[in-house]
Amino acid sequence: MPELPDVEIFKRYVDATSLHKRIESVSVSDERILRETTEKKLKSGLEGKAFDSAVRHGKYLFVSLDGGVNLLMHFGMTGFVRYYKTTPGDLHHTRVLFDFDNGYHLAYSNQRLLGKIGIVGSVDDFIDKNNLGPDAGEIDFTVFSSVLAKGRGTVKGTLMNQNNLAGIGNIYSDEILYQAGIHPEHKENELEKHQIKKLYEAMRTVLKTAVDCGANPDEMPDSYLLPHRADGAECPGCKGTIEKTKISGRSTYYCPKCQK
DNA sequence: AGTACCACCTGACGGC
DNA sequence: TGCCGTCAGGTGGTAC
């Protein structure tokens, strides 16, 4: 699931539960989730230290520890974190577990193993090295416009490309385009100025609203596509029919009447 | 340089 | 009941 709003919720969750507690031990139950590190390195880097603060960039979460080290977390499609004292019955697929000195635990769960856990020094270096664009929640209008002006692909593809701007995935690109009234296959360099402005405003509003709703579609306004994101569903705007199609291999939902 | 497609994984669901 | 294909909100490599 996790796109920018979801990861922002995870960040707040980690901030609220897991900071300033001594990490007694770290255990990895599936090494395939590790990125450029090993269980041994993770243990030696984290055990005995404490999480200090969490920072999010796009869909990545970095949790800093004393000593200039950061735990890197990416959630893929099925990842999340959970803080608890007694192992919850509905918690499966814990890949990495952090045990704190207060008897509580933080689990990084990820069913499909598409995410990753690692250790990085500087967050800025990581962003540079991976060519991540500015965070979608922070990008200013001028930069946003210049990004959109140069590409020749579909608007949807551009919004989802993490090298352009970081944090938007399949779900929220659909929502943003729906709110902006722009067809997902619109060629990005053929967008008019007022459409780019509208897209930018929609992006900001959607991301903020989603975070305010705890990234939970059930909490979102009825005027949003997310609660109606199904083939044949009723468009909350025009009462027409939501259609499903595929754009660059990803399932895409949109309203043909509202989005031109 | 930019875009399209497949592989990486697991599990749920519908059809036969 | 069981097997099979398909699909799922991400990313990175490779091939055009």
Side-chain angles (χ1 to χ4, degrees), chain A residues 1-10 28-36 56-61 72-81 90-96 108-118 120 126-127 129-133 135-136 146-179 184-190 203 206-207 209-211 213-220 224-233 242 244-254:
Chain A
M1 69 162 81
E3 300 182 33
L4 186 152
D6 310 88
V7 180
E8 178 62 27
I9 298 301
F10 297 158
V28 177
S29 44
D30 196 322
E31 296 226 359
R32 288 175 296 176
I33 203 69
L34 302 181
R35 175 200 182 104
E36 292 171 13
R56 183 191 56 72
H57 186 93
K59 303 173 191 172
Y60 287 90
L61 186 61
L72 158 80
M73 289 196 259
H74 187 279
F75 299 92
M77 305 224 299
T78 54
F80 62 90
V81 280
D90 63 342
L91 184 63
H92 315 291
H93 316 297
T94 294
R95 309 303 186 184
V96 180
Y108 169 91
S109 166
N110 197 325
Q111 182 206 108
R112 287 177 63 191
L113 291 166
L114 294 177
K116 50 214 155 205
I117 291 268
V120 297
F126 179 86
I127 292 169
K129 213 175 115 194
N130 289 278
N131 280 316
L132 292 178
D135 186 81
S146 66
V147 160
L148 281 172
K150 66 183 165 71
R152 276 171 288 126
T154 62
V155 204
K156 169 150 171 155
T158 306
L159 287 177
M160 288 202 301
N161 186 336
Q162 304 299 299
N163 304 141
N164 294 328
L165 66 168
I168 297 180
N170 199 27
I171 288 277
Y172 285 101
S173 60
D174 279 4
E175 186 66 60
I176 290 163
L177 289 161
Y178 176 78
Q179 294 300 329
E185 280 179 300
H186 202 109
K187 291 274 179 291
E188 56 180 293
N189 57 5
E190 289 172 9
M203 178 178 77
V206 165
L207 292 177
T209 305
V211 170
C213 294
N216 180 356
D218 296 338
E219 305 283 321
M220 291 180 202
Y224 270 45
L225 176 66
L226 244 105
H228 310 273
R229 201 171 180 276
D231 196 8
I242 299 295
K244 180 186 182 184
T245 181
K246 258 199 164 92
I247 296 178
S248 56
R250 312 302 306 279
S251 49
T252 301
Y253 297 83
Y254 71 107

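In what follows, every chain begins at residue 1, and chains take the letters A, B, ... in the order their sequences are listed. Note that these values count all heavy atoms, side chains included, but never hydrogens, waters or copies made by symmetry.
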Can you tell whether the side chains of A:Lys59 and A:Asp6 come within less than 4.0 Å, N to carboxylate O? no
Span of DNA chain C engaged by chain A, first through last nucleotide within the 4.0 Å heavy-atom cut-off, is C:dA8 to C:dG12
Check side-chain contact (heavy atoms from CB on, under 4.5 Å) between A:Asp218 and all other residues, then give those that pass, not counting sequence neighbours. A:Asn216
A:Asp6 near the nucleic acid: base, sugar-phosphate alone, or nothing, with a heavy-atom cut-off under 4.0 Å? base
Just checking, any donor-acceptor pair under 3.5 angstrom between side chains of A:Lys244 and A:Thr252? no
Is it the case that the side chain of A:Asn189 and the backbone of A:Ala149 share a donor-acceptor pair, with hydrogens and angles ignored and the cut-off at 3.5 Å? no
Please list, pair by pair, any protein nitrogen or oxygen found under 3.5 Å from a nitrogen or oxygen in nucleotides 1-4 of chain B.
| unit_1 | atom_1 | unit_2 | atom_2 | d |
| --- | --- | --- | --- | --- |
| B:dT3 | OP1 | A:Arg152 | N | 2.9 |
| B:dT3 | OP1 | A:Gly153 | N | 2.7 |

Would you call A:Phe126 and A:Leu72 a side-chain contact if the rule is heavy atoms closer than 4.5 Å? yes
Distance alone, cut at 3.5 Å: any donor-acceptor contact between the side chains of A:Thr158 and A:Asn164? no
Would you say the rings of A:Phe80 and A:Tyr108 are close, in the sense that their centroids are separated by under 6.0 Å? no
Mapping A:Tyr253 and A:Lys116 onto DNA chain C by nearest heavy atom, which one lands closer to the 5' end? A:Tyr253
To the nearest 0.5 Å, tell me how far A:Arg250 CZ sits from A:Asn170 CG. 4.5 Å
Would you kindly compare A:Tyr60 and A:Glu3 by the position of their nearest DNA chain C nucleotide and give the one closer to the 5′ end? A:Glu3
I'd like a table of atom pairs between the protein and nucleotides 10-14 of chain B - only N or O on both sides, under 3.5 Å - with the distance next to each one.
| unit_1 | atom_1 | unit_2 | atom_2 | d |
| --- | --- | --- | --- | --- |
| B:dT10 | OP1 | A:Arg32 | NH1 | 3.3 |
| B:dT10 | OP1 | A:Arg32 | NH2 | 3.2 |
| B:dT10 | O2 | A:Gln111 | OE1 | 3.4 |
| B:dG11 | O4' | A:Gln111 | OE1 | 3.2 |

Which whole number of Å gives the distance between the P atom of C:dC3 and that of B:dC9? 24 Å
Non-hydrogen side-chain atoms of A:Asp135 and A:Leu4 separated by less than 4.5 Å: yes
Go through the structure and list residues passing ring-ring contact (aromatic ring centres under 6.0 Å, His included) with A:Phe10, not counting sequence neighbours. A:Phe75
Strand DNA chain B as a dot-bracket string - pairs counted if Watson-Crick or G-U with both distances under 3.5 Å, | where the partner lies in another strand: .|||||||.|||||||
Look at all strands and tell whether A:Thr78 reaches a base, only sugar-phosphate, or nothing, counting heavy atoms closer than 4.0 Å. nothing
Nearest-Å distance once atom C1' is located in both B:dC6 and C:dT6: 16 Å
So which heavy atom on A:Lys156 is nearest to which on A:Ser251, and how close? NZ-O, 3.7 Å
With A:Pro5, which of A:Leu207, A:Ile171, A:Val206 fulfils side chain to side chain contact (heavy atoms under 4.5 Å, CB included)? A:Leu207
Sugar-phosphate only, base, or nothing, as touched by A:Gly249 at under 4.0 Å among non-hydrogen atoms: nothing
Using only heavy-atom distances, determine whether the side chains of A:Tyr253 and A:Thr245 contain a donor-acceptor pair under 3.5 Å. no
